[in-house]
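To start, the structure itself, in structure tokens.
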Amino acid sequence: MADDSAMAIYHERQRLQLCLLHALNNLLQGHDRFTRQILDAIADSLEEQHATPWSTRNLFFLPAKQHRNPLTGNYDANVLIAALSSRGLEARWHDRRSAIADDDLSRPNLAGLIANTSSQRFLGLWRSRHWIALRRVHGSWYNLDSDLPMPVAMRGAGEVRDFLNSLRDQGAELFFVFRKEEQGDE
């Protein structure tokens, strides 16, 4: 359900395979909170940390990129975790064997959620993964999927819970994003 207040919500639209970039900017509610150059640098740093003399190489005899596609973007979860950490946030993977509960969504240090879903493009001929963000803004939850034309307001935590459980049941990976400085002794 979209409403007029969604117009004030920051929302980047999908371009190339940069859905993680869009999901991060949508989660943090601002243009260029992250750029492709920043995410590429994070991915390259992760590559350097895990490089070995036997690292795989591509057809051009260059080191293979394991954390991103150098042409289109398409970053992996390691880039997500490192990017959020650089902003004082922590991504916690949700074990898909358990359902999302209402109290999971009411934690005061919860900054939002990011889901990695299965996606079909080009009339179902190409399958890939897609990153989306959900965030509470001004007391209301919004689906900030970059494939949507605008943010979609959700009717309370129950609708968010049901949506996330549906994604989980379809094989999505869910990450709760928490502010580090407010976690205390959890």
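For the single chain, residues carry numbers from 1 onward in sequence order.
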The test is side chain to side chain contact (heavy atoms under 4.5 Å, CB included); show your working for Ser146 and His130 and say whether it passes. CA-CA 9 Å; Ser146 59; His130 179 66; 3.6 Å; yes
What is the minimum heavy-atom distance between [X] and [Y], and which atoms define it?
X	Y	result
Leu39	Phe34	CD2-CD2, 3.9 Å
Glu12	Asn25	OE2-ND2, 2.8 Å
Gln29	Arg33	O-NH2, 3.4 Å
Pro151	Leu144	CB-CD2, 3.7 Å
Asp145	His11	O-NE2, 2.9 Å
Val177	Leu110	O-CD1, 3.4 Å

Apply side chain to side chain contact (heavy atoms under 4.5 Å, CB included) to Phe175 and Leu84, showing your working. CA-CA 11 Å; Phe175 296 87; Leu84 289 171; over 6 Å; no
Test Glu159 against Trp141 for side chain to side chain contact (heavy atoms under 4.5 Å, CB included), laying out the working first. CA-CA 9 Å; Glu159 183 177 346; Trp141 279 96; over 6 Å; no
Rounded to the nearest 0.5 Å, what separation is found between the CD atom of Glu173 and the CZ atom of Arg96?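 Rounded to the nearest 0.5 Å, the CD-CZ separation comes out at 4.0 Å.
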Look up atom CG in Leu20 and atom CG in Leu24, then write down how far apart they are to the nearest 0.5 Å.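 Between Leu20 CG and Leu24 CG, I get 4.5 Å after rounding to 0.5 Å.
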Answer yes or no: is there a side-chain heavy-atom contact under 4.5 Å between [X] and [Y]?
X	Y	result
Arg161	Leu105	yes
Arg179	Leu89	yes
Glu90	Ser85	no
Tyr142	Leu134	no

Keeping [X] on the side-chain end and [Y] on the backbone end, is there a donor-acceptor pair under 3.5 Å?
X	Y	value
Asp40	Ala43	no
Ser98	Asp95	yes
Trp131	Tyr75	yes

Quick one: ring-ring contact (aromatic ring centres under 6.0 Å, His included) partners of His94, sequence neighbours excluded?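 For His94, the residues satisfying ring-ring contact (aromatic ring centres under 6.0 Å, His included) (neighbours in sequence not counted) are Phe176.
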Across all chains, not counting sequence neighbours, the ring-ring contact (aromatic ring centres under 6.0 Å, His included) partners of Phe163 are none
What residue among Ile132, Leu80, Leu174 forms side chain to side chain contact (heavy atoms under 4.5 Å, CB included) with Ile114? Leu80
Please evaluate residues Ile9 and His138 with respect to the criterion side chain to side chain contact (heavy atoms under 4.5 Å, CB included), reporting the C-alpha separation (whole Å), side-chain torsions for both, the decisive distance (0.1 Å), and the verdict. CA-CA 9 Å; Ile9 307 299; His138 308 300; 4.3 Å; yes
Sequence neighbours excluded, which residues qualify as side chain to side chain contact (heavy atoms under 4.5 Å, CB included) partners of Ile81?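 In terms of side chain to side chain contact (heavy atoms under 4.5 Å, CB included), with neighbours along the sequence ignored, Ile81 is linked to Ala91.
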Stacked cation flag Arg135 on Tyr10, 6.0 angstrom / 45 deg: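 No, Arg135 and Tyr10 do not form such a contact.
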